[in-house]
Amino acid sequence: MLSMTIDGKPVDTRDTFDVVNPATGAVEAQAPECTPEQLDQAMTSAARAQTSWKRDDEARRQTLRDLADAVDAHQEELTGLLVQETGKPRAVAAAEVASSAPWIRYYADLDWPKRVIQDDSTARIEVAHRPMGVVAAITPWNGPVGMWTWKIAPALRGGNTVVLKPSPFTPLSTLLLGRIGAEVLPPGVINIVTGGDELGKAMTSHPTPRKISFTGSIPAGRSVAVNAAHDLKRVTLELGGNDAAIVLDDADLEKTAGTLFAFSMFNCGQICCIPKRIFVPANRYEEFVDAFGAAARATAVGDPTDPATAMGPLTTRPQFDRVSELVSDAVARGARVVSGGKPIEGGGYFFEPTVFADVAEGVRIVDEEQFGPVIPLLKYDTVDEAVTRANATDYGLSGSVWSADEEKARAVAEQLECGTAWVNCHAMLPSHAPFSGAKHSGLGVANGEDGLRSFTEQQVIHTAKG
């Protein structure tokens, strides 16, 4: 069993919880259940380490480069654990792991000077950014390695220390990352604790952290915000999305259908910022439906360790049950099943890639975030109608517009009420681009220089002259 990491040391517990392999449905590992006392130890360790970690930015930059090298050296082991706990096809898991070190190096190499907003005969006014202190970070089960990197890289570069809890469904790769971090980081700079929802509540209400960084569902994000409000902790909440993709009538339908299908089914549909509703012009609707259905039927679903597999299982039993429920509801409400529509028999949480046509708002598969290998194709008559319908939701994470005319597509994209609007692509997330959600899809910003600032407190230094 992998251990937690507290104060740079491996820490075991008396109690453990099961980790299930979603490809088989069988328990394949145990993870430690953090006690309240151990959480206190982790917070104390992080606070103690932060007093020296915050002092030397150049030293932090070099240590982050060392951390990136250490993660690179463990790619194979991390990939194996990620496949085991998430069910991702090996190529997808390997890509997630491979993206981690470059992301860390981006923050290590980012120049981030003070801003001088006045320097004349009366005053010099500088804007600097100071560390917040201890960051409590909670990562989701759909991308444990990627989300670990999104949180620790800017937090550490900003001079903070971290106590991080992964999802109890996927703790293994994060536990290993804790041991990898302990090889190069000063004790206490990163502490990894594992457990269920009660541990998460204890972290977000604990008096030590000054910042909470959370990725997960909207209901869970609300609870985090409430817990953090008692002592005015800063929060970054990366929450759910129900992304709309609007296809304009001049788009290359066959090419666009294939690309959108790949995005919408990536990671078995378990990504917050991939297409979850696709709006198609009525005069080209059946053409698009046929192309989408063909792509679904051609998708190889199966053992994530098989190189021929394009899609693995859903990662958790609750998500498998939710997807099954949403699909059954859509069928009962008269949606046309173009392909798929049911679980795949045998062990594990496998579900057929499912495409629905002749469905609209008022059906749960359209109105809610399905977070699985299911996509509704929605018919529209005018672009203004499509934009209005795309925006008629509490979600506001991202969206996209597809057209042969970039300028026309950009004009439509600017009307979408979301944090990121893509043109002729979707779910493109470079490390230097800020990522945030509108409406109920989040608070604060991740990634890029803006994401780094979000892990700091702004300080104005005003020096009078004369």
Side-chain angles (χ1 to χ4, degrees), residues 2-13 31-71 74 100 104 107-108 129-139 144-145 147-166 171 173-195 199-200 202-214 228 231 233-234 236 452 454-457:
L2 288 162
S3 302
M4 299 188 299
T5 299
I6 297 176
D7 201 27
K9 305 179 188 68
V11 174
D12 294 319
T13 60
E33 184 79 58
C34 182
T35 67
E37 294 76 18
Q38 288 169 328
L39 177 61
D40 286 340
Q41 291 166 14
M43 293 294 181
T44 299
S45 170
R48 183 172 57 243
Q50 202 264 337
T51 60
S52 55
W53 177 252
K54 68 181 180 181
R55 292 176 185 158
D56 189 338
D57 184 48
E58 283 304 315
R60 292 199 301 273
R61 295 176 80 168
Q62 183 55 51
T63 304
L64 283 173
R65 294 183 186 107
D66 295 340
L67 176 61
D69 292 343
V71 171
H74 289 82
S100 186
I104 296 169
Y107 283 103
H129 290 269
R130 307 302 186 199
M132 288 184 172
V134 176
V135 173
I138 300 175
T139 55
V145 174
M147 290 296 100
W148 176 88
T149 310
W150 277 34
K151 296 185 187 307
I152 64 97
L156 297 189
R157 175 65 199 281
N160 309 285
T161 53
V162 179
V163 178
L164 184 144
K165 183 191 91 72
S173 56
T174 306
L175 288 169
L176 177 57
L177 285 165
R179 301 309 310 141
I180 294 169
E183 297 173 4
V184 296
L185 294 165
V189 170
I190 293 180
N191 302 270
I192 304 296
V193 295
T194 48
L199 177 61
M203 288 176 65
T204 56
S205 59
H206 197 282
T208 296
R210 295 310 311 145
K211 162 89 176 190
I212 309 294
S213 180
F214 171 83
D231 57 355
K233 292 179 175 69
R234 301 330 189 224
T236 296
L452 178 53
S454 77
F455 283 95
T456 64
E457 296 281 16

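Numbering starts at 1 and runs along the sequence shown.
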A.B. asks: With side chains defined as the heavy atoms from C-beta onward, is the minimum distance between W150 and S213 less than 4.5 Å?
C.D. replies: no
A.B. asks: Between T13 and M4, is the side-chain contact (heavy atoms from CB on, under 4.5 Å) condition met? List the steps.
C.D. replies: CA-CA 9 Å; T13 60; M4 299 188 299; 3.5 Å; yes
A.B. asks: How long is the gap from CG on N160 to CZ on R210, to the nearest 0.5 Å?
C.D. replies: 11.5 Å
A.B. asks: Are T44 and T208 side-chain neighbours, meaning at least one heavy-atom pair lies under 4.5 Å?
C.D. replies: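 Counting from C-beta outward, T44 and T208 never come under 4.5 Å.
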A.B. asks: Can I192 and L177 be said to form a side-chain contact (heavy atoms from CB on, under 4.5 Å), step by step?
C.D. replies: CA-CA 9 Å; I192 304 296; L177 285 165; 6.0 Å; no
A.B. asks: Can you measure from CD (Q38) to CG (N191) and round to the nearest 0.5 angstrom?
C.D. replies: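 If we round to the nearest 0.5 Å, Q38:CD and N191:CG are 11.5 Å apart.
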A.B. asks: Of the options E457, K211, R55, K54, which is the one that meets P131 in a side-chain contact (heavy atoms from CB on, under 4.5 Å)?
C.D. replies: K54
A.B. asks: Quick one: does P144's side chain get under 4.5 Å of P166's, heavy atoms only?
C.D. replies: no
A.B. asks: Between V184 and A70, what is the shortest heavy-atom contact and its length?
C.D. replies: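 Residues V184 and A70, closest heavy atoms: CG1-CB, 4.3 Å.
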A.B. asks: Decide yes or no on side-chain contact (heavy atoms from CB on, under 4.5 Å) for T204 and K233, but give the supporting numbers first.
C.D. replies: CA-CA 9 Å; T204 56; K233 292 179 175 69; over 6 Å; no
A.B. asks: Using 0.5 Å steps for rounding, measure from the CG atom of L64 to the CG atom of L185.
C.D. replies: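 Spacing of CG (L64) from CG (L185) equals 7.5 Å.
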A.B. asks: Is the closest side-chain heavy-atom distance between W53 and P186 below 4.5 Å?
C.D. replies: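 In contact.
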A.B. asks: Any donor-acceptor pair under 3.5 Å linking the side chain of R157 with the backbone of Y107?
C.D. replies: yes
A.B. asks: Looking at every non-hydrogen atom in both residues, tell me the closest pair between K165 and T194 and how far apart they are.
C.D. replies: CG-CA, 4.5 Å
A.B. asks: Would you compute the distance between atom CG of L156 and atom CZ of R61 and round it to the nearest 0.5 angstrom?
C.D. replies: 14.5 Å
A.B. asks: If we ignore hydrogens and angles and just use 3.5 Å, is the side chain of R179 paired with the main-chain N or O of T5 as donor and acceptor?
C.D. replies: no
A.B. asks: Do H206 and D40 pass the side-chain contact (heavy atoms from CB on, under 4.5 Å) test, and can you show the C-alpha distance, the side-chain angles, and the key distance before you say yes or no?
C.D. replies: CA-CA 9 Å; H206 197 282; D40 286 340; 2.8 Å; yes
A.B. asks: If you define the side chain from C-beta out and look only at heavy atoms, does anything of P209 sit under 4.5 Å from M203?
C.D. replies: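 When only atoms from C-beta onward are counted, M203 and P209 do not touch, as no gap falls below 4.5 Å.
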A.B. asks: Please report the closest heavy-atom contact between K151 and I138, naming both atoms and the distance.
C.D. replies: CE-O, 3.3 Å
A.B. asks: Closest heavy-atom contact between T149 and I104?
C.D. replies: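 Closest approach of T149 to I104: CG2-CG1, 3.7 Å.
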A.B. asks: Quick one, R65 and Q62 - any side-chain contact, counting heavy atoms below 4.5 Å?
C.D. replies: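 Contact flag for R65/Q62 side chains = yes.
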A.B. asks: Indicate whether the side chain of K9 and that of S3 have a donor and an acceptor atom separated by less than 3.5 Å.
C.D. replies: no
A.B. asks: Where do V163 and A42 come nearest, in terms of heavy atoms and distance?
C.D. replies: CG2-O, 3.7 Å
A.B. asks: Hey, what do you get for CD (Q50) to OG (S45), rounding to the nearest 0.5 Å?
C.D. replies: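 One gets 12.0 Å once the value is rounded to the nearest 0.5 Å.
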A.B. asks: CG of L164 to OG1 of T174: how many Å apart, nearest 0.5 Å?
C.D. replies: 6.5 Å
A.B. asks: Looking only at non-hydrogen atoms, find the nearest pair between L176 and L2 and report the distance.
C.D. replies: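 Closest heavy-atom pair between L176 and L2: N-CD1, 4.3 Å.
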